[in-house]
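Inspection log for the structure reproduced underneath, given as C-alpha cells.
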Amino acid sequence: MTDDKAFFNWVEEHRTDNPSTLRLKYGNKKEPIDYADAILQIECRKKFGKKLADTLAAFPEFYFPSTLSGEQSTSDRLAEYHTSLVPEGLAAADLTAGLGIDVLHIAARASNVTAIERNEQLVEALRYNAAGLHATNVSAVNADCREWLDDAVEKGEHFGVIFIDPARRASDGSRVFALADCEPNIIEMLPKLKRVCELLIVKMSPMLDISHTVSELNPFSVIALGTPTECKEILAIVDFKEPKGQPIIEAVTLTPTGVSTFAFTAKKEAESPMTAGTQPSPGEYIYEPYPALMKSGAFKTIAAAYGVGTFHANTRLFHSAEIIENFPGNRYEIIEVMPYSSGVIKRFKKRYPAAGVAVRNFGMSAETLRAKLGIADGGSLRLYGITDSAGERLLILTKI
C-alpha cells in the first residue's frame, strides 16, 4: 500500500487498459512503483467500480488490498441502508470490518466507529482509506473480535450499536445454513455482546431460515434486504434494552428510484385467511414479488394487502385483472394460459420459439422446462410454469 502520487497517477493513466495485458508488460517490474499492486488497483476498479461508485468518487485513491476484499465487501447502496439503522450520534463498532465500506459510511452518522478486523492488510488499508475520506472518528483495530470482546467486557466498554457479519462459509469452502455454524459463532457471543452494547445488528446469509434465526436471536426486527433481482442478506436487529414482543419482519428492496418496504409479523401471516385460488385470464396480470419479499415468508398478508388473486399456496405468485401500481414486485401482462400437456408441449416451439422461463412450485427446473419445450432463452416473452390452486400444472405466457 502506498500514498505515493506517482502510484495512483499511473493507475489513473492506465485505468482503461486490460489488466492481463498490463501484467504481461509490467508484471515483473518493481521500479519506480509496485506495478503488480498498481495493476491490482486497476482490476478492482473495473470489477467493483459500480458497486463502490460513491466511495471511489469521494476518494479516487481508495486502496484495495486484494480482489477478494472487494468481492466480499458490501456495496455503497447496502452500506447506506445499514447506516440508516444506526441511531445518530452513538458510538458504534463493526466486529468484522473487512474492507470497511460499512465502517466508512457509518462514520458519517455515529459519534465514533471502532472497526475490528483480524486481517492486518485490511486494517492497514482501512486506516489509509479512512484518512483519505477524512473519517477521523474511525479507529481500526487488528484483532480477533472474540478476543476484543473479552477485553471490552473486562474494561467495561460500551457501544450504542454493534455490527457483526459472520463468515458464511465453512473452513472447507462449503456454504453453511445455520447461524451457529457461521464464524464467529454469534450465539455463543450473545451474553458478552449484551454487556457491551444496546443494539446488535447481525448481517447474515440470505440462505438462512428466518424463523430459525428468530428463535436463536430473539430480535425485535428481521429484515430481508435485496434488490429487484436478488435477496442480498438477512439483517437481525437485537435490542438488549427493550422487552421482546412479536418480531417485525420486513422485506426491503432497494430499487433504482427508492426503497420498497413490506412489513408484517409471523403471527399475522399465520392468522390471515387463505384467499380462494382463482384462474387467470389473458389480458390480466401476473405479479411476482421481489426476491426479498419472497424470502420474508409473506404470502397471505400480501394477497390481503393488495387484493390480488392467488394460485397454490406454494406457488408464491399473484394475479389481478387490474394494474396495481405500487405492488412490491414485477408485473407482466398475460398473453395465454395453457395446460401443461403433451399437445401444448409439441406445439409450443412453433408458436413461441424464444422466451424467458421461470417456474414456481412446478416440480422441475426452468432449464428442464425450457429443454422440454425446445425453445431458446430470451426475447420479450416470459413463461411461467406453475401449479394452480387445484394442483394442476399450467403454462402462463406473459409479455415483459
Side-chain angles (χ1 to χ4, degrees), residues 1 48 51-52 54-59 61-65 69-70 72-167 184 186 189 192-204 221 223 225 233 235-241:
M1 184 172 60
F48 315 121
K51 176 181 179 180
L52 300 176
D54 293 343
T55 295
L56 291 171
F59 183 37
E61 296 180 357
F62 185 91
Y63 182 82
F64 292 90
S69 65
Q72 294 182 337
S73 78
T74 191
S75 67
D76 281 326
R77 188 79 192 278
L78 290 178
E80 280 182 23
Y81 183 81
H82 298 156
T83 300
S84 73
L85 303 175
V86 177
E88 193 165 1
L90 295 184
D94 188 333
L95 303 196
T96 48
L99 187 60
I101 302 302
D102 274 326
V103 170
L104 296 170
H105 280 265
I106 292 167
R109 188 172 177 88
S111 61
N112 59 81
V113 187
T114 301
I116 312 303
E117 173 52 52
R118 60 184 179 182
N119 183 306
E120 188 175 1
Q121 277 190 312
L122 289 172
V123 172
E124 292 177 357
L126 179 51
R127 288 170 179 162
Y128 166 81
N129 290 328
L133 286 161
H134 308 292
T136 57
N137 59 341
V138 169
S139 174
V141 180
N142 185 201
D144 182 293
C145 66
R146 289 161 293 197
E147 296 173 0
W148 176 88
L149 182 60
D150 289 340
D151 192 50
V153 169
E154 185 176 337
K155 292 179 178 177
E157 294 189 59
H158 189 77
F159 297 85
V161 59
I162 284 181
F163 278 82
I164 189 165
D165 183 4
I186 305 297
M189 297 171 68
K192 292 177 182 177
L193 287 164
K194 185 176 181 179
R195 294 177 62 180
V196 300
C197 74
E198 299 174 17
L199 202 66
L200 174 67
I201 300 177
V202 185
K203 297 194 295 180
M204 297 167 289
S221 176
I223 301 168
L225 179 62
E233 62 190 20
L235 299 168
I237 304 177
V238 181
D239 190 336
F240 291 122
K241 293 187 68 177

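The first residue of the sequence shown is numbered 1, and numbering continues consecutively from there.
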Original post:
How far apart are the C-alpha atoms of Tyr81 and Ile223, what are their side-chain angles, what is the distance that settles it, and do they pass the side chain to side chain contact (heavy atoms under 4.5 Å, CB included) test?
Top reply: CA-CA 11 Å; Tyr81 183 81; Ile223 301 168; 3.5 Å; yes

Check: [Y] main-chain N/O paired with [X] side-chain donor or acceptor under 3.5 Å:
{"X": "Asp76", "Y": "Thr55", "result": "yes"}
{"X": "Ser221", "Y": "Ile237", "result": "no"}
{"X": "Arg146", "Y": "Pro184", "result": "no"}
{"X": "Glu88", "Y": "Arg109", "result": "no"}

Subject >> pair Tyr63-Glu124: side-chain heavy atoms closer than 4.5 Å >> reply: no

Original post:
Going by heavy atoms in the side chains, are Val86 and Phe163 under 4.5 Å from each other?
Top reply: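 Side chain of Val86 against side chain of Phe163, heavy atoms only: contact under 4.5 Å found.
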
Subject >> Criterion side chain to side chain contact (heavy atoms under 4.5 Å, CB included) on Phe64 and Leu52, from CA distance to verdict >> reply: CA-CA 11 Å; Phe64 292 90; Leu52 300 176; 3.8 Å; yes

I'd like to check the salt bridge (charged side-chain N to carboxylate O under 4.0 Å, His left out) partners of [X]; sequence neighbours left out, ordered by chain and number.
{"X": "Arg118", "value": "Asp144"}
{"X": "Asp102", "value": "Lys203"}
{"X": "Lys194", "value": "none"}

Original post:
Between Leu235 and Leu85, is a side chain to side chain contact (heavy atoms under 4.5 Å, CB included) present by the stated rule, with each step listed?
Top reply: CA-CA 10 Å; Leu235 299 168; Leu85 303 175; 3.9 Å; yes

Less than 3.5 Å apart, which donor and acceptor atoms pair up between the side chains of residues 152-159 and the rest of the protein, not counting sequence neighbours?
{"residue": "Lys155", "atom": "NZ", "partner": "Asp151", "partner atom": "OD2", "Å": "3.0"}
{"residue": "His158", "atom": "NE2", "partner": "Glu198", "partner atom": "OE2", "Å": "3.4"}

**OP:** Could you pull out all residues at least two apart from Leu90 that satisfy side chain to side chain contact (heavy atoms under 4.5 Å, CB included)?
**Re:**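 Testing Leu90 for side chain to side chain contact (heavy atoms under 4.5 Å, CB included), a comparison that skips the adjacent residues, returns Pro87.
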
Original post:
What do the steps show when you test Met189 against Cys145 for side chain to side chain contact (heavy atoms under 4.5 Å, CB included), and what is the final call?
Top reply: CA-CA 10 Å; Met189 297 171 68; Cys145 66; 4.1 Å; yes

Subject >> Pairs where residues 131-143 contributes a residue and the test side-chain hydrogen bond (donor to acceptor under 3.5 Å, both in side chains) is met, not counting sequence neighbours >> reply: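 Applying side-chain hydrogen bond (donor to acceptor under 3.5 Å, both in side chains) to every pair that reaches into residues 131-143, excluding sequence neighbours, yields nothing.
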
Original post:
Where is the tightest heavy-atom contact between Ala143 and Ile116, given as atom of each residue plus distance?
Top reply: O-CG2, 3.5 Å

Subject >> Nearest non-hydrogen partners of Val103 and Ala97, listed with the distance >> reply: CG2-CB, 4.1 Å

